[in-house]
Amino acid sequence: MKNILYIILLSAFVFSGCNKALDVDSTRTVGEKNMWNTVEDARAGIMGVYALTRSALSDNNGHWIYGDVRPGEFASPKRQDLKAVISNNLNASYPVVESLSDWTRFYAIVNGANVLMENVAHVKANDKRYSDNNMTVDLAQARFLRAFAYFYMVRIWGDVPFVISSGETGFENKPRESQAKILAWVESEILRAAVDLPFIYSGGDVQQPSNYYNEDSNRWGGALATKVTAYAVLAHVAAWKADYSNVSKYAKFVEDNYGKSQGGYTSVTDLSNSNGFFYNKNTRQMFGFNSDYGHVDGSATGHIEELTLAEPILTKTVPDIYLPKDSILKYFNLAKDERFAIDTLGQSKFDRYFTNLNGKYPIFSKIKVIQGGGTDPNFRYFTSALIFTRLEDIVLLRAEALSVLGDQIGALAELNNVVTRRITSGTDSPYSTTDDLIKVIFEERHRELLGEGQRWYDLIRLNKIRQNDSRFMALINSGGIYWPVSRKLISQNNLLTQNPYWR
């Protein structure tokens with residue numbers, strides 16, 4: 001508990017540093033060197049950057065609203081703000097919509113990483129317990145998280161201000177830089193970080209051989225960025241750039257090395273159990289942010305369950321969002337799909353992803369971590385991990401890349417590596433090279449990653465590949481795939497311009 005409190009206090013310091021940077025009339029009045037004297041300061045600093053990243057992604061359920069709600073496949077019975085997002089009315093005057101248009105919380109990550117990278121040398125000079133290796137690994141993690149924050153931002157807003165020093169004037173005094181420039185920097189930064197990131201912490205890795213901050217591998221597995229994490233995110237960066245040769249290369253590195261980070265595939269049962277894959281942390285969470293119930297680390301908000309769960313899973317009458325029955329039957333069309341399928345009478349046969357199919361509001365129940373992985377419907381206290389990527393995601397990303405590059409046999413093999421783990425044991429894959437593989441790969445990504453914040457970005461990539469949906473292509477070409485920049489931010493900075501689609 002003492003360590004958690006220290007991290008919270010350090011995070012508050014990082015936030016204050018960000019706020020100072022945004023106040024163009026202020027001067028830097030905090031003696032940051034005085035905050036960086038001991039190994040405990042360094043630990044709290046890097047944990048603070050992770051905490052800021054989790055906060056930025058989960059604030060107002062942004063990760064899921066950006067990725068799962070915006071495509072318009074889920075419906076919202078009552079929430080007008082979510083209906084606005086579903087209908088692409090992102091200029092609507094709702095607090096949640098306006099908050100999600102504001103990138104300030106992502107620059108808190110950037111500033112936190114900048115401050116750490118500029119000050120951990122003071123810890124090294126003042127505390128002999130802080131080794132060269134410890135500092136190298138901390139710097140690599142901060143570098144990675146800063147680059148990830150920029151990648152996340154450009155997918156939402158396109159061009160964004162570029163700040164890579166805590167001493168620079170805050171983003172309020174900067175114009176937007178092209179996302180192409182930022183993405184090139186992101187890729188180079190993550191590659192640089194990957195050199196120093198270990199495959200495993202406190203596990204005898206050559207790049208991190210001792211116990212990291214005096215705790216064993218059980219403490220860190222699934223909680224920190226590894227070398228495999230870096231290459232998984234690099235695969236996503238390359239996919240966003242439509243650089244499919246590098247998508248294949250980076251994803252292949254993940255496939256060849258995930259075992260070194262004790263990663264692996266996840267069964268259908270474990271994926272949907274309340275105490276399974278999304279519970280707490282585990283090494284199969286290739287990159288995610290866990291909530292530890294044992295450390296009183298959970299909340300009623302900032303988890304997808306807040307949006308999706310209702311009766312009979314929770315004592316809540318109507319979910320904020322739900323997938324209509326017709327859509328469920330359309331998307332989950334594999335006869336022996338153990339995630340969800342129906343029998344000959346139209347009843348749920350495998351209902352791990354959905355509950356109450358024939359009710360007014362089918363409940364998306366794939367992710368349902370209540371309290372400590374229990375099932376008591378009277379508690380709206382959630383502790384699910386927010387997952388950015390896992391092995392199945394990367395395998396399907398490589399299938400996408402190989403198909404685009406013309407290797408349909410390789411693409412099919414990667415696709416089947418996931419599909420055959422999701423259909424009843426002993427059942428042959430329904431796919432062959434005669435199928436429209438790009439189409440079925442993205443259909444499988446839709447089924448497998450539903451509720452994990454991937455769908456909107458998948459749709460953008462699919463339509464850039466196919467270019468056969470005139471409506472979506474018009475959205476891409478006009479910049480309508482991005483969010484508007486917050487009106488508040490534009491009013492504070494005359495160098496900022498609004499995304500053209502939203503002017």
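These numbers come from a predicted model, not from an experiment.
When every heavy atom of L334 is checked against every heavy atom of E444, the shortest pair comes out as CD1-OE1, 4.3 Å. Scanning both residues, L397 and V247, for their nearest heavy atoms gives O-CG1, 3.7 Å. Listed here is the closest heavy atom pair of I441 and A399: CD1-O, 3.5 Å.
Relative to the six-membered ring of Y265, R421 meets both conditions, a distance below 6.0 Å and an angle of at most 45° to the axis. Taking the centre and axis of the six-membered ring of F340, the NZ or CZ atom of R352 falls outside the cone set by 45° and 6.0 Å. Cation-pi contact between K464 and W240: present, with separation from the ring centre below 6.0 Å and deviation from the ring axis of at most 45°. Stacking of R155 on the aromatic ring of Y152 is recorded, both the 6.0 Å distance cut-off and the 45° axial limit being met.
In R471, the CZ atom is not crowded: 12 or fewer heavy atoms of neighbouring residues, nucleotides or ligands sit closer than 6.0 Å.
D159 has no carboxylate O lying under 4.0 Å from a charged side-chain N of K181, or vice versa, which leaves the two without a salt bridge. Using a cut-off of 4.0 Å between Lys/Arg side-chain N and Asp/Glu carboxylate O, E215 and R43 are scored as salt-bridged. Ionic pairing of E448 and R390 is present here: one or more N-O contacts between side-chain nitrogen and carboxylate oxygen are shorter than 4.0 angstrom. For the pair R461 and D458, the salt-bridge criterion is met [side-chain N within less than 4.0 Å of a carboxylate O].
Just one of Y231, F388, F151 meets the ring-ring contact (aromatic ring centres under 6.0 Å, His included) condition when paired with H236; it is F388. Among Y50, F287, Y150, the single residue meeting the ring-ring contact (aromatic ring centres under 6.0 Å, His included) criterion with F144 is F287. The one candidate from D436, I438, L437 that meets the side-chain contact (heavy atoms from CB on, under 4.5 Å) condition with V440 is L437.
Sorted by first then second residue, the side chain to side chain donor-acceptor pair (under 3.5 Å) pairs that include residues 198-210, not counting sequence neighbours, are Q207-K227.
Under a 3.5 Å cut-off, the side chain of S248 and the backbone N or O of S245 do not form any donor-acceptor pair.
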Residues 84-92 side chain polar contacts: donor-acceptor under 3.5 Å, at least two apart:
residue, atom, partner, partner atom, Å
S87, OG, K83, O, 3.0
S87, OG, A84, O, 3.1
N88, OD1, R70, NE, 3.1
N88, OD1, R70, NH2, 2.7
N91, ND2, W502, O, 3.4

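Between Y107 and W103, the ring planes are perpendicular. Angles over 60° get that label, and only those under 30° would be called parallel.
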